[in-house]
Amino acid sequence: MSVKLLVAVVQDADAPALMERLVKVGLRATKLASTGGFLRQGNTTLLVGVEDHQLEQALSCIREVCRHRLQRLPGGASEVEVGAATVFVVAVERFERI
Ligand code: 2BA
């Protein structure tokens, strides 16, 4: 069995629906509170451990739920488009549930 870890940085507004979707399709996830380095505003990082055959399903959940949005910069002068999600897919050397 080959396991991957998705580290997905998403917007707070999308996190509850994404967690619900992942759990509904039988995937397991951990939600972490995080802060974007550029905007210095809260976002959400999800850790999703999947077997290889579940990887595309997890990515589909993210694509279906998460949305691009315009976010005002601190100071309010201009806006940036924050992506729907930034996803790192990492090969897991060893996985244990104890
Ligand atoms: P932030 O770092 O707060 O970035 C929010 C948005 O600001 C980014 O959206 C991008 O549109 C813009 N931005 C970020 N850095 C910039 C820069 N140096 N110059 C100009 N504009 C910049 P996304 O790219 O969709 O990123 C959303 C969030 O995902 C980021 O929040 C950060 O928390 C995370 N992220 C994105 N790329 C990452 C990376 N390579 N490594 C780690 N975290 C990353």
Side-chain angles (χ1 to χ4, degrees):
M1 180 182 68
S2 171
V3 175
K4 297 279 191 297
L5 178 66
L6 276 78
V7 180
V9 184
V10 304
Q11 296 176 45
D12 287 347
D14 296 323
L18 179 55
M19 284 288 275
E20 193 177 317
R21 176 69 68 94
L22 291 168
V23 170
K24 199 169 182 174
V25 302
L27 299 176
R28 296 167 192 241
T30 297
K31 177 175 173 287
L32 307 174
S34 46
T35 303
F38 186 70
L39 291 175
R40 313 277 172 91
Q41 291 176 7
N43 55 27
T44 296
T45 299
L46 295 184
L47 304 180
V48 189
V50 297
E51 295 178 26
D52 267 344
H53 71 274
Q54 299 170 314
L55 177 60
E56 287 309 317
Q57 187 179 30
L59 290 168
S60 294
C61 291
I62 296 170
R63 287 190 193 102
E64 285 162 22
V65 170
C66 296
R67 296 282 171 267
H68 290 249
R69 291 186 186 85
L70 291 176
Q71 192 77 38
R72 200 158 283 284
L73 289 173
S78 57
E79 300 181 312
V80 287
E81 187 184 69
V82 183
T86 299
V87 184
F88 303 88
V89 180
V90 184
V92 174
E93 190 174 312
R94 179 170 162 168
F95 170 73
E96 302 265 356
R97 287 181 70 213
I98 296 169

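Not measured: the values here are computed from a predicted model. Numbering of ligands and ligand atoms starts at 1, following listing order. Computation of the quantities below employed the complete heavy-atom set of this structure, encompassing side-chain atoms and omitting hydrogens, waters and symmetry-equivalent molecules.
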Check: Thr44 side chain, Ala15 main-chain N or O, donor-acceptor pair, under 3.5 Å: no
Heavy atoms from other residues, nucleotides or ligands near CD of Glu20 exceed 12 (cutoff 6.0 Å): no
Test item: Leu73 and Val80 side chains (from C-beta on) under 4.5 Å apart, heavy atoms: yes
Donor-acceptor contact below 3.5 Å, side chain Gln57 vs main chain Gln54: no
Close residues, ligand 1: non-hydrogen atom nearer than 4.0 Å: Val9, Gly36, Gly37, Phe38, Leu39, Asn43, Val80, Glu81, Val82, Gly83, Thr86, Phe88
Check: Asn43 and Gln11 side chains under 4.5 Å, non-hydrogen atoms: no
Heavy-atom pair with the smallest gap, counting every atom of Val82 and Gln71: CG2-CB, 3.6 Å
